[in-house]
Structures are given as C-alpha cells and as structure tokens.
Amino acid sequence: SEKPLIYKAVNTWFINVKSIKEDLLKNNMKAYWVPTFAQEKRFHNWLENAEDWCFSRNRFWGNPIPIWVSEDLEEQVCIGSIAELEELSGVKGISDLHKDVVDEITIPSKQGKGVLRRIDEVFDCWFESGSMPYAQCHYPFSTSEEEFDKRYPADFIGEGLDQTRGWFYTLNVIATAIRNQNPYKNLIVNGLVLASDGKKMSKRLKNYPDPMEVINEKGADAIRLYLMNSPLVRAETLCFKKEGVHGVVRDIFLPWYNVYRFLIQNAQRWEAHTGKTFQFDETILHNKANITNIMDRWIIASNQHLIKFVREEMEAYRLYTVVPKLLSFLESLTNWYVRLNRGRLKGDFGHDDQNLALNLLFNVLLDVTILMSPFVPFVTEMIFQNLVRAVPKDSKYNEQSIHFLRIPKFDPSLIDEKIERDVKLMTSIIEEARILREKRKVSFKQPISSLTVITDSEDYQESLKPLLVYIKDEINVKDVLFDKEVDKFVSYQITANHRELGQQLKKAYNNDFRKKIQGLNDADARQFLKDGKLIVNDFELTDKFLSIKLLLNKEAVEEHQELGGEGDVKVMLDLTQDDELKLMGASREVINKIQRLRKKAGLQPDDDIVIFLGFNKEKSPAVKEIFDNHKETI
C-alpha cells in the first residue's frame with residue numbers, strides 16, 4: 001500500500017537462543033548442504049550473530065502460547081500437554097485448543113495469587129514451521145522415541161535462500177533446544193526468482209507474466225526445466241523471462257521429440273518392409289561382437305557414462321550438474337548420433353543393420369527419458385506411453401507409468417572413455433571446420449579439396465581414422481590430411497600472474513625469476529599445456545600462476561586456405577575446387593531441388609518417383625554431365 005507504518009514498542013516473549021548458540025553452530029555443520037556456501041557462510045554467520053528469538057505475536061487468530069501467569073507475572077506455568085492442563089486446571093475432556101476456548105481455562109495459583117490466566121499472545125507462525133518434524137507425527141504423544149528416531153533427522157529438505165533467517169533457522173533452534181540435534185541430513189538451497197528487470201516480483205506492480213498463461217502456452221514441464229537449468233539451483237537469483245521458457249521448448253523439447261518421432265517412423269518403415277512387428281531387444285547392446293559401428297559403441301558408452309554420472313550426482317544432491325549433463329547428452333543424441341546415422345536408421349544398409357541401430361536408439365532414448373522424468377514428468381510420460389508398446393511383457397522397462405520405473409543401473413563394462421574422447425575430438429574438428437566454411441561463405445553443398453588436422457599427436461591420428469568418413473561427409477571435403485608441424489601454424493603467448501606469484505614467493509620473486517618467466521618459449525608452453533605445470537627455480541608454476549593463449553599464424557596459409565581452432569583442435573581448410581568437385585556440388589544442388597519438390601507434392605520417403613529432365617544442351621552443357629557422372633547419387 002506504500003502507506004507509512006507506526007512502530008510501537010510492546011511486551012513480547014523471547015527464547016534464550018544465546019544460551020544454546022555454541023550447540024547451534026556445531027549442529028549446523030552436521031548436515032550436508034548444497035551449495036555449501038549457504039551453510040558455511042550465510043547461515044553460519046547468521047547463527048554466530050543470533051539474538052534471542054521473539055516468538056510471540058499480538059494477534060487473535062493463531063496458535064495460543066501455553067503459558068499461564070498470575071496478574072503480577074510472578075507466577076508462571078508452561079503447560080506441556082492436554083493431560084497436564086486438565087490436571088492443573090481441574091477441567092476434564094479438553095479437546096479444542098483454539099484460543100477462544102483455552103483462554104477461558106484458568107489454573108488455581110499455588111502461591112495464593114488467585115488464578116493464573118493464559119497470556120494474550122500467540123505463537124509466531126515460524127515457531128509452528130520449526131515444530132513441523134514433531135507435530136506431523138504428534139511426537140511425543142502418539143509416536144514412541146524408537147519410531148521417531150527412524151524418521152528423524154529428515155533425509156532431505158529444500159527451500160529458498162531467504163529461509164536461512166526463516167525455516168532453516170527455526171528448525172535448528174527448536175531441534176537444538178529440545179534434542180541438541182540437527183533436524184535434517186541433507187538440504188538443497190535454491191535461489192530467488194526475480195522479475196525480468198531484476199526487481200522483486202510484485203502482485204501490485206504485476207511485473208511478471210501470469211504463470212497460468214505461461215503454463216497453458218508452453219507447458220508446466222518447460223517452466224520446470226527452465227528453472228532447474230538456471231542459477232536458482234546454485235542458490236543464485238534468476239530474472240524470469242518468458243523467452244527463456246520458450247527457449248526450452250525450441251532448443252530441448254522439439255529436438256528431443258523429433259528424435260522420438262524419427263525412431264517411431266523408421267520402426268514403422270522397418271515393419272512395412274519386413275512384415276514383422278518391431279520389438280525392443282534390450283540384450284542387443286551387450287552383444288559386443290555384433291556392434292562394430294563406432295558411433296553405436298560411442299552412444300552406448302556415453303549413455304552408460306551418463307547413467308553413472310546422474311546416479312552419483314543425484315546422490316550428492318547436485319542438481320546444478322545433473323540437468324546440464326542430461327541436456328548435453330540429448331544434444332549429442334540429436335545432433336550427432338541420429339544425424340550421422342540417418343541412413344542406417346532408415347534402412348539404407350539392410351534391414352538387419354537397421355534393426356540393430358533402431359534398437360540401440362530405442363534403448364538410449366528410453367534410458368535418457370527415464371533419467372529426465374523427475375524433472376519433466378509430463379513430456380517423459382507422453383513419450384514413454386508410446387515406447388512401452390514395443391517393450392516385451394517380461395522386460396524390466398514394462399510398467400504402467402514411467403514414474404513406476406527405477407533409475408537405470410549402469411554397466412561398467414560398456415563404458416569406454418577412449419571412444420568418448422575420440423568422438424569428442426571428431427565433433428570439435430567438425431564444428432571448427434563449419435565455422436571456417438561459414439567465415440569464408442562457402443556453401444556446404446559445395447565440396448572442397450581438403451581439411452588438415454594440425455597435431456603432433458600420433459594418438460590423435462590413430463583415434464580419428466575410423467571417424468574420417470563422418471568428417472568428410474559433414475564438412476563435404478574430398479580428403480582429410482594431418483600435419484605434424486604445429487609450430488608452423490601456431491605460437492603461444494605466456495602471461496604470468498604477478499600478483500599471485502608475488503604473494504606466494506615474496507622476496508624470491510625477484511628480477512632473475514621474472515627474466516626466466518619472460519624467457520619461456522613455445523616448447524615450454526606446450527610442456528605446460530601437457531603436464532599442467534612448469535618448474536622454475538625449483539618452484540612449481542601451475543595455472544594459478546601462468547596462463548597460455550594460443551596464437552594462430554595466419555601468414556602460414558595461402559589465400560585459398562583458412563586456419564582456425566583452439567586448444568587441442570587446430571584445422572586448416574583448402575577451399576579450392578576442381579571441375580570434379582564443382583560437378584559434385586552441382587549434383588547436391590539438384591538433389592536439394594528434387595527433395596523440395598517431393599515435399600511440396602506431399603510425398604512420403606518411401607514413395608518412388610520418376611524424374612523428367614529438360615535442358616538446353618547448348619546453354620547448359622554441364623547438366624548432362626552432372627547426371628551422367630552422379631546418376632546413382634541423385
């Protein structure tokens with residue numbers, strides 16, 4: 001209302017928190033918090049400076065404080081149960097503890113002061129919140145000590161960062177006061193959601209979109225994932241933007257759904273061609289002898305590694321690592337596995353290979369959908385309800401709902417970190433080469449002469465051999481070459497952190513030491529990047545003291561070449577085209593036009609067509625040559 005308030009001093013009741021402060025600080029450190037800074041800094045500091053807690057409020061409606069006093073307040077009785085109140089007051093059959101009822105009950109004074117009456121104040125509602133662990137099971141009246149110990153402390157709680165002064169505080173004060181114990185074992189602290197302009201959300205200002213409108217437009221799952229893949233899970237603030245929710249739908253849900261739809265379409269195509277019913281075979285991924293395709297082996301290893309990672313991180317309550325990893329895997333599944341295996345999944349290499357690829361995709365998609373189900377329950381349930389139709393009745397995956405399934409277990413024998421590294425290297429090379437082609441504005445339909453991987457690592461060359469076919473296809477390049485002369489193309493800029501070195505070495509950081517750092521060369525830089533350290537004057541230099549910047553030598557390449565890369569990935573493109581490459585590019589243009597016409601005509605992928613070609617031999621002599629040389633491709 002923005003109207004001024006009148007502050008008035010009133011009599012209040014306090015809990016003597018200062019007398020238990022040391023125990024509070026000790027009990028705080030018994031729990032596991034995520035993130036830890038909220039526990040070790042923010043909450044610890046709050047407890048360290050805690051004052052006595054004013055727990056009374058001057059309202060009518062509220063939980064009555066069970067303190068009866070004489071008129072002069074000299075005689076005070078704190079009631080601990082209904083039985084004790086009945087005994088001291090002489091009133092039997094008390095069942096209603098609301099303020100208007102218990103205020104009528106009096107207790108005869110034992111000091112000759114007439115009768116004791118209940119004080120006017122009621123409990124601060126935060127006292128009730130802090131009493132929740134005991135009140136929910138009516139401890140100690142309806143729950144034995146043995147039964148209570150089974151459920152206390154709580155395994156896990158979660159709330160906002162502001163509750164360091166609210167619920168977290170009152171839980172700890174009451175738990176320490178009555179049991180000298182921490183009230184929970186694990187705690188996740190989330191940050192606060194602010195308006196898009198960084199201000200506090202206000203009903204009066206209406207500086208936020210209507211939540212129900214966003215849910216109806218984008219879905220509840222999109223909001224959930226937007227919030228969980230944000231600084232909130234690290235106890236930081238988030239400026240809520242509707243565009244961010246839309247980004248989840250566009251960048252995550254739609255590609256994920258497209259993979260699911262692509263799987264269903266090609267399973268139906270396999271059924272149409274073979275006359276059989278597609279059924280998921282979860283044993284296929286364990287038949288290593290039949291899985292020879294490196295991308296199959298990669299997606300299996302990545303999937304098993306993901307399951308292992310999610311299990312470990314969820315056990316540690318680190319949501320801020322789990323969700324990004326899941327989304328990264330979905331991106332790899334859509335942008336790499338499916339993209340590089342479209343032909344196999346469509347049956348271009350035979351029905352047996354298609355069945356193998358479809359089963360592996362089914363398995364991986366099912367596993368990641370299960371892993372995502374705690375975060376996006378509705379989307380995952382929709383996908384699962386269709387996938388489960390292809391799951392055998394005796395399978396562990398066969399359940400009425402995805403939320404009845406356990407999180408999958410990983411198989412250590414299927415994890416292959418080398419293949420994961422190799423494919424990561426391949427994707428980095430492809431991405432860097434794409435950037436270079438776009439930089440020179442060379443259409444991807446036009447093939448180029450070569451891509452050179454610049455590395456002196458023999459291991460890299462061997463690792464990339466089975467993956468060269470994918471690099472060639474994705475970059476549309478005739479040859480992939482290797483060049484070991486790294487020094488010809490790159491140099492290194494070494495920068496010392498003088499402040500850190502000065503603080504660490506003090507007087508030893510003299511002119512002699514500085515000159516030796518200034519004299520470090522490219523060989524030293526490569527050694528530092530390899531080992532993560534260098535020794536100068538018996539002192540170990542780490543990335544705390546040195547930083548290395550990669551500099552590309554543009555003078556080492558010619559006009560028709562383009563050089564780029566960072567870290568371990570450095571590539572050079574030769575953009576020249578001979579007549580053969582130009583014809584190959586033209587054939588791709590023809591294929592693209594035919595595909596557009598098929599789409600315009602509403603044809604299905606399996607529909608056969610006849611192509612009629614009309615052209616002027618004199619004006620377009622190359623057209624006939626395109627079809628003569630690339631007829632099979634088209």
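A salt bridge between Lys308 and Glu312 is present, with a side-chain N of the basic residue lying under 4.0 Å from a carboxylate O of the acidic one. A salt bridge is defined here as a Lys NZ or Arg NE, NH1 or NH2 lying under 4.0 Å from an Asp or Glu carboxylate O, and Asp348 with Arg344 fails to meet this definition. Glu458 has a carboxylate O that lies under 4.0 Å from a charged side-chain N of Lys484, or vice versa, which qualifies the two as a salt bridge. Contact check on Glu462 versus Lys465 returns a salt bridge, with a Lys/Arg side-chain nitrogen under 4.0 Å from an Asp/Glu carboxylate oxygen.
In this structure, Gln461 CD and Ser457 OG are separated by 7.5 Å, a value rounded to the nearest 0.5 Å. The CD1 atom of Ile307 sits 9.0 Å away from atom CD1 of Ile407, with the distance rounded to the nearest 0.5 Å. Taken from CG in Asn266 to CG in Leu263, the straight-line distance is 8.0 Å, to the nearest 0.5 Å.
Stacking of Arg224 on the aromatic ring of Phe375 is not recorded, the 6.0 Å distance cut-off and the 45° axial limit not both being met. The cationic group of Arg514 lies under 6.0 Å from the six-membered ring centre of Tyr509 and within 45° of the ring axis, placing it in a cation-pi geometry. Taking the ring axis of Phe262 as reference, the NZ or CZ atom of Arg342 stays within 45° of it and closer than 6.0 Å to the ring centre.
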Using distance only, find each side-chain donor-acceptor pair of residues 235-251 under 3.5 Å and give its atom names and separation, not counting sequence neighbours.
unit_1: Lys242; atom_1: NZ; unit_2: Glu217; atom_2: OE1; d: 2.9
unit_1: His246; atom_1: ND1; unit_2: Lys218; atom_2: NZ; d: 3.0

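With contacts defined as side-chain heavy-atom distances shorter than 4.5 Å, the pair His44/Leu25 qualifies.
Remark: Lys418 NZ is packed, more than 12 non-hydrogen atoms of other residues, nucleotides or ligands lying under 6.0 Å away. Within 6.0 Å of CZ in Arg434 there are more than 12 heavy atoms belonging to other residues, nucleotides or ligands.
With hydrogens and angles disregarded, a donor-acceptor distance shorter than 3.5 Å links the side chain of Gln304 to the backbone of Asp411. Looking only at distances, a side-chain donor or acceptor of Arg311 sits under 3.5 Å from a matching main-chain atom of Pro408. Judged purely by atom type and a 3.5 angstrom limit, Asn182 has no side-chain atom pairing as donor or acceptor with the backbone of Asn28.
Aromatic ring centres of Tyr492 and Phe528 lie farther apart than the 6.0 Å criterion allows. Ring-centre distance between Phe329 and Trp336: not below the 6.0 Å cut-off. You'll find the ring centres of Tyr184 and Phe156 outside the 6.0 Å limit.
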Point to revise | side-chain hydrogen bond (donor to acceptor under 3.5 Å, both in side chains) evaluation trace for Asn537 with Lys516 | key: CA-CA 9 Å; Asn537 284 5; Lys516 287 187 177 181; 2.5 Å; yes
Exercise for review: Begin from the C-alpha positions of Asn355 and Asn359 and carry the test side-chain hydrogen bond (donor to acceptor under 3.5 Å, both in side chains) through to its verdict.
Suggested key: CA-CA 6 Å; Asn355 185 50; Asn359 262 282; 3.2 Å; yes
Exercise for review: Walk me through it: do Ser449 and Thr576 pass the test side-chain hydrogen bond (donor to acceptor under 3.5 Å, both in side chains)?
Suggested key: CA-CA 6 Å; Ser449 293; Thr576 55; 2.9 Å; yes
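Under the 30°/60° scheme for interplanar angles, the aromatic rings of Trp298 and Tyr337 are found to be tilted.
In this structure, Tyr32 has no ring pair (Phe, Tyr, Trp, His ring centres under 6.0 Å) partners at least two apart in sequence or on a different chain.
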